[in-house]
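All remarks here apply to the structure that follows.
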Amino acid sequence: MPIGFELTPDQKELQTLASKFAREEMAPRASECDKKALFPEDIYRRAFDLGLMNLNVPTEYGGSGLALLDQCIITEELASACGGMTTSILANCLAIQPINLGGSPEQKERLLKPFCSSYHLASFGLTEPSGGSDAAALKTRAERRGNHYVLNGQKCFITNAPQASLFTIFATIDPAKRDKGICAFVVPRDTPGLSIGKEEDKMGQRASSTATVIMEDVKVPLENMLGKEGEGFRIAMQTLDSTRTPIGALAVGIARAALEQASKYSLQRTSFGKKIAEHQSIAAKIANMTIELDASRLLTWRAAWLVDQGHRASLESSIAKCFSSDAAMRICDEAIQIFGGYGYMRDYPVEKYLRDAKLCQIYEGANEIQRQVIAREFLKRFA
Ligand code: CAA
């Protein structure tokens with residue numbers, strides 16, 4: 001398909017649907033959910049009903065079956081209303097992608113169809129208390145016993161864990177084997193031995209829930225292992241190759257909201273006898289924010305397009321996620337600066353954008369890891 005920037009009629013329809021839902025249903029609740037750390041399950045159910053959840057699940061298994069670019073278009077709209085709610089809505093895509101990538105047709109039929117037939121949440125379990133960046137060093141053990149594996153260990157910072165009914169869990173048969181020992185499993189919530197720890201009290205994205213998952217002698221049947229023994233690490237990395245790009249789109253949505261608020265304010269607020277937008281220092285900020293937002297969206301769309309064309313886009317996905325989230329922090333920071341003292345107050349929306357954007361630099365691989373991936377992938381061209 002040639003490169004183009006005009007959205008198709010279908011994409012415009014999706015964008016309008018997501019934008020309306022974001023504006024009319026998510027945005028009015030965003031501040032309260034942030035202040036009280038509420039998990040607005042009715043909004044997530046509504047997202048499911050509208051087809052805005054399970055975006056990456058093929059339609060034959062009950063999902064929306066959307067291309068990654070379409071997912072990014074939706075994500076930007078949702079995140080412009082609330083970053084935290086968007087993370088909870090997107091978490092199913094992250095948790096389910098290992099099944100899309102590593103599951104057999106029988107597993108997809110058995111696991112995805114009932115999951116997608118009604119509202120359910122799923123969680124992706126890779127990160128552990130002892131470390132998240134070095135994924136191959138995970139410690140959760142998977143011990144084969146007859147026709148099942150027994151899992152023991154802990155996963156931390158797991159999005160939607162308190163409400164999830166399904167978990168994709170990465171565990172090792174031998175930590176000494178690093179990536180070659182890692183296996184991927186699908187574990188239903190009601191499996192004996194699986195429990196959820198205390199919910200985290202987060203700085204931002206407070207409408208999403210985050211908790212530890214504890215596994216004590218959790219028996220998982222062989223038929224719930226995705227791929228073969230030792231293929232779990234590759235499945236996790238390939239999952240992240242496609243889910244980091246929507247995090248770029250999520251950052252774009254938050255940053256866009258911050259820029260829109262700051263722009264409107266700069267045209268209303270006056271100082272020294274004119275609108276503050278007419279002061280060069282403020283106009284320059286608006287210009288820089290606009291440039292960074294545009295670049296972020298283009299990088300995100302490029303990465304999504306490459307994935308949709310079937311390319312391995314580790315480099316471009318990491319660039320999109322890293323640049324967009326760093327840019328979102330700068331844009332949100334400048335939005336607060338344009339609002340001055342008001343921007344620092346919770347009565348105005350901009351300080352929330354900054355707190356929400358911060359997580360985009362950390363989750364789905366800290367930006368330090370993205371830079372490691374970018375450098376490694378780029379240097380391969382000269383090796
Ligand atoms: N696709 C396919 N295969 C890949 C791959 C990819 N993208 N990346 C690596 N591999 C393969 C390699 O080719 C290699 O295989 P061979 O030995 O057969 O060649 C194997 O996997 C090991 O790769 P590396 O040597 O590159 O592995 P590493 O140990 O050096 O680590 C890393 C690489 C990129 C730093 C990885 O550890 C990483 O991505 N860490 C960050 C983890 C992360 O992003 N966690 C996020 C958790 S989810 C979350 O945060 C979401 C949420 O809550 C909402």
Side-chain angles (χ1 to χ4, degrees), residues 75 79 83-98 101-102 121-138 140 155-164 167-170 172 175-184 199-200 202 204-205 207-213 227-228 230-248 250-251 303 306-307 310-319 321-322 325 356 358-380 383:
T75 300
M85 290 181 199
T86 308
T87 288
S88 272
I89 292 170
L90 283 193
N92 274 14
C93 295
L94 173 65
I96 282 171
Q97 190 64 352
L101 293 171
L121 296 177
S123 293
F124 179 80
L126 179 66
T127 306
E128 300 195 347
S130 58
S133 290
D134 186 2
L138 62 80
T140 295
K155 299 289 171 182
C156 70
F157 307 142
I158 305 305
T159 301
N160 288 353
Q163 295 82 15
F167 295 83
T168 38
I169 297 287
F170 296 85
T172 178
K177 290 187 169 167
R178 282 189 55 87
D179 57 286
K180 305 291 181 272
I182 294 174
C183 310
E199 205 170 316
E200 303 292 348
K202 303 193 296 295
Q205 301 214 6
S208 80
S209 62
T210 310
T212 299
V213 177
K228 300 194 187 86
E231 288 184 357
F233 188 79
R234 182 185 49 78
I235 293 172
M237 292 299 112
Q238 287 176 341
T239 293
L240 292 164
D241 277 351
S242 60
T243 57
R244 282 173 180 156
T245 304
I247 298 301
L250 200 153
L306 283 167
V307 171
H311 298 293
R312 174 172 165 175
S314 309
L315 173 79
E316 293 82 2
S317 306
S318 287
I319 290 176
K321 190 264 190 201
C322 188
S325 54
D356 286 354
K358 182 66 202 169
L359 190 50
C360 299
Q361 291 181 308
I362 298 171
Y363 63 9
E364 298 221 16
N367 281 2
E368 289 71 17
I369 293 298
Q370 307 311 323
R371 288 188 165 85
Q372 187 177 326
V373 173
I374 293 163
R376 273 197 205 177
E377 291 291 319
F378 187 71
L379 289 170
K380 275 182 194 168

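When a ligand or atom number is given, it counts from 1 through the structure's own listing order. Nothing fancy with the numbering, it's 1 onward along the sequence.
Between the side chains of Gln163 and Ser209, a donor-acceptor pair is found at a separation under 3.5 Å.
Nearest protein heavy-atom neighbour of atom 6 (C) of ligand 1: Arg312 NH2, 3.3 Å. Protein heavy atom nearest atom 50 (O) of ligand 1, with residue, atom name and distance: Glu364 N, 2.8 Å. With respect to atom 42 (C) of ligand 1, the closest heavy atom belonging to the protein is Gly132 O, 3.5 Å. Given atom 52 (C) of ligand 1, the protein heavy atom at minimum distance is Thr159 OG1, 3.7 Å. Among all protein heavy atoms, the one lying closest to atom 33 (C) of ligand 1 is Arg376 NH1, 4.1 Å. Looking from atom 15 (O) of ligand 1 to the surrounding protein, the closest heavy atom is Lys180 NZ, 3.8 Å. Looking at atom 34 (C) of ligand 1, its nearest protein heavy atom turns out to be Val373 CG2, 3.7 Å.
Of the candidates Glu128, Gln370, Arg244, Arg244 brings a heavy atom nearest to atom 39 (O) of ligand 1.
By the criterion of a heavy-atom distance under 4.0 Å, the side chain of Phe233, and not its backbone, is placed next to ligand 1.
Residue-to-ligand polar distances place Arg178 within reach of ligand 1: an N/O pair is separated by less than 3.5 Å.
Applying the salt bridge (charged side-chain N to carboxylate O under 4.0 Å, His left out) criterion to Arg376, with sequence neighbours excluded, gives no partner residue.
Near Asp241, with a cut-off below 4.0 Å to any heavy atom, the atoms of ligand 1 are 1 (N), 6 (C), 7 (N). Proximity to Tyr363 (heavy-atom distance under 4.0 Å) selects the following atoms of ligand 1: 50 (O), 54 (C). Of all atoms in ligand 1, numbered sequentially from 1 with element shown, those under 4.0 Å from a heavy atom of Thr127 are 47 (C). Of all atoms in ligand 1, listed by their number and element, those nearer than 4.0 Å to a heavy atom of Leu240 are 43 (C), 44 (O). Under a 4.0 Å criterion applied to the non-hydrogen atoms of Ser314, ligand 1 contributes the atoms 7 (N). Per-residue contacts place Gly365 under 4.0 angstrom from the following atoms of ligand 1 (heavy atoms of the residue considered): 43 (C), 44 (O), 45 (N), 46 (C).
Less than 4.0 angstrom separates atom 8 (N) of ligand 1 from at least one non-hydrogen atom of the protein.
Proximity of Ser133 to ligand 1 is established by a heavy-atom distance of less than 4.0 Å.
Between Phe167 and Phe124, the distance separating the two ring centers is not shorter than 6.0 angstrom.
Two residues are said to be in side-chain contact when any heavy atoms from C-beta on lie closer than 4.5 Å; Thr159 and Ser123 fail this criterion.
Salt-bridge annotation for Arg371 and Glu368: absent, with no side-chain N of the basic residue lying under 4.0 Å from a carboxylate O of the acidic one. A salt bridge links Asp134 and Arg178; the closest N-O separation between the charged side-chain nitrogens and carboxylate oxygens is under 4.0 Å.
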